[in-house]
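I have placed the structure first, in the form of structure tokens, so that the comments after it can refer back to it.
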Amino acid sequence: MLTKLLPPNVATAEATADPSPDELFLFPEEEALIRNAVPKRRLEFGTVRWCARRAMGALGVEPAAVVPGRRGVPQWAPSVVGSMTHCAGFRGAALARAEEFAAVGIDAEPNAPLPEGVLESIALPQELRRTRELERAAPEIAWDRLLFSIKEAVYKTWFPLTGQELDFTDALVSVDAGQETFRARLLPAPESLSPAGPTAFSGRWSAERGVLLSAIAVPARRPAAAGAPAHGSAPRICRAGSACREGDLTGTT
Ligand SMILES: CC(C)(COP(=O)(O)OP(=O)(O)OC[C@H]1O[C@@H](n2cnc3c(N)ncnc32)[C@H](O)[C@@H]1OP(=O)(O)O)[C@@H](O)C(=O)NCCC(=O)NCCS
């Protein structure tokens, strides 16, 4: 399910059920983190790392431990960027080579409405209006939960690049229901945002088999080509499933 949401050179692996505990190998530093956890946490922690190691294999990278860093951000080998997610009925990892991608952010949520009152606390007024419209037009999708998931995917893309927190109302999300894509723009004043991350993102979402997924991949900045003007690079085509920077052209995949 994740593969079709991300560019082809992002490696993904997912599971809709947990493998048997014997299959869930953990590195000692991971085992130490999870030793006293409840069984549910052990399973999601183990299965998502099992997925991450499959994605490492697909990228041709040695399997390695994935331990949380500051604010829980997964620590990858320096040659790798990636993201992990787990919810009831889904665990997934998406990894890419750091020379090709600056960041990847994925999020999975059950396709079920948010608890009462949560939408109002995470949505901006225009997002709230659009969510209500979509709920009337296509009630089989929990649009409120999808908005939440997209904001989490934005955060999981942004934080590893910048180490900076974001509030839910810091990102304005617009969802294209027909194309199953989204765009998100960070609203805080540029001077308050880390220059290390993009201020606009585009991505893909899906609603399948009871699970909502959101995914973003940010292409790596390319070094300026020899002979290129010293002040900035030519605009890139900004495609759904990737992140856009000011000056990028908008394209479709
Ligand atoms: C960190 C957070 C995004 C995790 O999302 P979630 O839906 O609760 O949980 P998921 O299962 O999808 O993802 C959990 C995984 O996210 C990753 N993660 C945790 N903190 C992270 C961070 N700061 N940056 C990137 N990834 C992070 C970890 O790999 C974690 O798995 P693990 O604990 O097994 O290592 C969420 O708990 C959170 O703090 N959200 C508040 C901030 C936010 O989203 N703001 C919106 C801004 S627009």
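This chain uses plain numbering: 1 for the first residue, then up along the sequence. Read the numbers this way: they start at 1 and go in the same order the structure lists the ligands and their atoms.
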(Q) With heavy-atom distances below 4.0 Å as the criterion, list the atoms of ligand 1 near E109. (A) 7 (O)

Q. Do N111 side-chain atoms and E140 backbone N/O form a donor-acceptor pair below 3.5 Å?
A. yes

Q. Do the side chain of T85 and the main chain of A108 share a donor and acceptor less than 3.5 angstrom apart?
A. yes

(Q) Going by the closest heavy atom to atom 24 (N) of ligand 1, which one wins out of W158, F148, F159? (A) F159

Q) Nearest protein heavy-atom contact for atom 8 (O) of ligand 1: which residue, which atom, what distance? A) E152 OE2, 3.7 Å

Q) Where the side chain of E14 meets the backbone of L2, is there a donor-acceptor pair that is under 3.5 Å apart? A) yes

Q: Give the residue and atom name of whichever protein heavy atom lies nearest to atom 17 (C) of ligand 1, and the separation in Å to one decimal.
A: P74 CD, 3.9 Å

**Q.** Atom indices of ligand 1 within 4.0 angstrom of D107 heavy atoms, with elements
**A.** 7 (O), 12 (O)

Q. Among protein heavy atoms, which lies nearest atom 39 (O) of ligand 1, and at what distance?
A. Y155 CE2, 4.4 Å

(Q) If you measure every N or O of T85 against every N or O of ligand 1, does any of those distances drop under 3.5 Å? (A) yes

Q) In ligand 1, which numbered atoms sit nearer than 4.0 Å to a non-hydrogen atom of R49? A) 32 (P), 34 (O), 35 (O)

Q. Going by the order shown, which atoms of ligand 1 are within less than 4.0 Å of some heavy atom of R41?
A. 32 (P), 33 (O), 34 (O)

Q: Compare all side-chain heavy atoms of P160 with those of W76 and state whether any distance is below 4.5 angstrom.
A: no

(Q) Suppose I only count heavy atoms of M84 and a 4.0 Å limit; which atoms of ligand 1 are within that range? (A) 13 (O), 15 (C), 16 (O), 29 (O), 35 (O)

Q: Return the residue, atom name and 0.1 Å-rounded distance of the protein heavy atom closest to atom 10 (P) of ligand 1.
A: K156 NZ, 3.4 Å

**Q.** Atoms in ligand 1 flagged as close to A171, the criterion being non-hydrogen separation under 4.0 Å
**A.** 48 (S)

Q. With D107, which of R204, K156, K151 fulfils salt bridge (charged side-chain N to carboxylate O under 4.0 Å, His left out)?
A. K156

Q: Please report which non-hydrogen protein atom sits nearest to atom 45 (N) of ligand 1, along with the residue it belongs to and the distance in Å to one decimal place.
A: L166 O, 3.3 Å

Q: Give yes or no for whether the N/O distance cutoff of 3.5 Å, strictly under, is met between G72 and ligand 1.
A: yes

Q | is_close_aromatic(F182, F201), centroid dist under 6.0 Å | A | no

Q: For D167, take its heavy atoms, then give the atoms of ligand 1 lying under 4.0 Å from any of them.
A: 47 (C), 48 (S)

Q: Write down the atom of L161, the atom of P198, and the distance for their closest heavy-atom approach.
A: CD1-CD, 3.7 Å

(Q) Out of the candidates Y155, W158, F159, only one should pair with Q164 under the side-chain contact (heavy atoms from CB on, under 4.5 Å) rule; please name it. (A) W158

(Q) Just checking R209: does its CZ atom have more than 12 heavy atoms from other residues, nucleotides or ligands closer to it than 6.0 angstrom? (A) no

Q: Starting from atom 20 (N) of ligand 1, locate the nearest protein heavy atom and write down its residue, its atom name and how far away it is, to 0.1 Å.
A: R71 O, 3.0 Å

Q: Mark whether atom 31 (O) of ligand 1 lies under 4.0 angstrom from at least one protein heavy atom.
A: yes

(Q) Check the orientation of F25 and F27. Use parallel for under 30°, tilted for 30 to 60°, and perpendicular for over 60°. (A) perpendicular

Q: Report, in ascending order of atom number, the atoms of ligand 1 lying under 4.0 Å from any heavy atom of K151.
A: 46 (C), 47 (C), 48 (S)

Q: Could you tell me the residue and atom name of the protein heavy atom closest to atom 34 (O) of ligand 1, and the distance to it rounded to 0.1 Å?
A: H86 NE2, 2.9 Å

Q: Please indicate whether R185 has more than 12 foreign heavy atoms, meaning atoms of other residues, nucleotides or ligands, lying under 6.0 Å from its CZ.
A: no

Q: Look at atom CD of E29 and say whether more than 12 heavy atoms of other residues, nucleotides or ligands are closer to it than 6.0 Å.
A: yes

